[in-house]
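Here's the structure we're looking at; comments come further down.
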Amino acid sequence: VQLQASGGGLVQPGGSLRLSCAVSGGTLSTYAVAWFRQAPGMDRTFVAVAASARHGNRSYYADSMKGRFSVSKDNARNTVYLQMNSLRPEDTAVYYCAADPSVILSNLKSRTAYDYWGQGTQVTVSS
């Protein structure tokens, strides 16, 4: 399985971006696909996840992203999107997508649960 993240860029505070994660080599509906982010000098942290069909295709978010970010799957396009609204300077980071077909429900937010990772895309929120 290969993942390709894209869509990052420079945006002003309060603006929006949509990140894409193109997944190849697997059936997207069977994978949980998550987004993580890493700011300079910080650990990689959970952002959002679109669970697999096995887990009801539900979405989960880190608390600070609830109401601002939205994750969605397009199985026909084998792509997962992360819509980010009301962006703040503290959202500046490299954003990574990750996928795995075997993640259990209780581990969906854990970066160690994912075997497949994309290369990351830079998001900078600044005026």
Side-chain angles (χ1 to χ4, degrees):
V1 174
Q2 294 184 325
L3 287 72
Q4 179 76 33
S6 61
L10 173 63
V11 63
Q12 292 187 342
S16 298
L17 277 176
R18 188 177 77 159
L19 305 184
S20 299
C21 179
V23 181
S24 60
T27 303
L28 184 58
S29 63
T30 66
Y31 283 74
V33 180
W35 290 93
F36 293 82
R37 69 185 187 185
Q38 188 167 20
M42 306 292 285
D43 289 336
R44 193 171 297 187
T45 58
F46 171 75
V47 174
V49 60
S52 68
R54 178 163 62 100
H55 292 134
N57 294 311
R58 295 176 181 174
S59 300
Y60 301 90
Y61 302 90
D63 287 344
S64 62
M65 285 71 170
K66 290 178 182 177
R68 300 191 300 128
F69 291 12
S70 176
V71 63
S72 61
K73 271 186 180 180
D74 185 336
N75 290 328
R77 296 178 184 270
N78 277 354
T79 301
V80 176
Y81 301 101
L82 181 68
Q83 177 68 44
M84 306 186 295
N85 300 323
S86 301
L87 283 162
R88 307 165 180 168
E90 54 264 38
D91 294 319
T92 295
V94 178
Y95 284 71
Y96 298 89
C97 58
D100 201 282
S102 305
V103 185
I104 62 175
L105 194 60
S106 59
N107 284 347
L108 283 172
K109 300 180 181 181
S110 172
R111 64 181 180 179
T112 61
Y114 295 87
D115 283 342
Y116 304 101
W117 288 81
Q119 83 289 2
T121 184
Q122 175 71 47
V123 172
T124 302
V125 184
S126 175
S127 56

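Just the heavy atoms: all of them, side chains too, but no hydrogens, waters or symmetry mates, feed the values below. Numbers for residues simply follow the sequence, beginning at 1. For clarity, every value in this text was computed on a predicted model and none was experimentally measured.
Rounding to the nearest 0.5 Å places OH of Tyr61 at 12.5 Å from CZ of Arg68. Separating the CG atom in Leu10 from the OG1 atom in Thr124 is a distance of 6.0 Å, to the nearest 0.5 Å. Expressed to the nearest 0.5 Å, how far CH2 of Trp35 lies from CZ of Phe46 amounts to 12.5 Å. Here the straight-line distance linking atom CG of Leu28 with atom CG of Asp74 works out to 8.5 Å at 0.5 Å rounding. Atom OG of Ser29 and atom NZ of Lys73 lie 6.5 Å apart (nearest 0.5 Å).
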Passes salt bridge (Lys or Arg N to Asp or Glu O under 4.0 Å), Lys66 versus Asp63? Steps please. CA-CA 5 Å; Lys66 290 178 182 177; Asp63 287 344; 3.2 Å; yes

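More than 12 heavy atoms of other residues, nucleotides or ligands lie within 6.0 Å of CD in Gln122, so this atom counts as buried by the packing criterion.
Under the 3.5 Å distance criterion, the side-chain polar atoms of Asp100 are matched with a main-chain donor or acceptor of Ser102. Here the side chain of Gln38 pairs no donor or acceptor atom with the backbone of Ala93 at under 3.5 angstrom. Counting only distance, with no hydrogens or angles, the side chain of Lys109 and the backbone of Ala34 share no donor-acceptor pair below 3.5 Å. Judged by distance alone, with hydrogens and angles left aside, the side-chain atoms of Tyr114 form a donor-acceptor pair with the main-chain N or O of Leu108 at under 3.5 Å. The closest donor-acceptor contact from the side chain of Thr92 to the backbone of Val125 lies under 3.5 Å.
With no hydrogens or angles considered, a side-chain donor-acceptor pair links Thr112 and Ser110 at under 3.5 Å.
Hydrophobic clustering (ILVMFWY, side-chain heavy atoms < 4.5 Å, transitive): Val47 and Leu3 are in one cluster. Both Val71 and Val33 belong to a common hydrophobic cluster when Ile, Leu, Val, Met, Phe, Trp and Tyr are linked at side-chain heavy-atom distances under 4.5 angstrom.
Below 30°, between 30° and 60°, or above 60°: for Phe36 and Trp117 the angle between ring planes is between 30° and 60°, a tilted geometry. The aromatic rings of Phe69 and Tyr95 lie tilted to each other, with the angle between the two planes from 30° to 60°.
The shortest side-chain heavy-atom distance between Thr45 and Arg37 falls under the 4.5 Å cut-off. Side-chain contact between Leu105 and Arg58 is absent, with no heavy-atom pair separated by less than 4.5 Å. Between Val123 and Met84, the closest side-chain pair of non-hydrogen atoms falls below 4.5 Å. The shortest distance between side-chain heavy atoms of Pro101 and Tyr31 falls below 4.5 Å.
Note that Arg18 lies in the cation-pi zone of Tyr81, set by a 6.0 Å cut-off to the ring centre and a 45° limit from the axis.
Closest heavy-atom contact between Gln83 and Ser16: NE2-CB, 3.9 Å.
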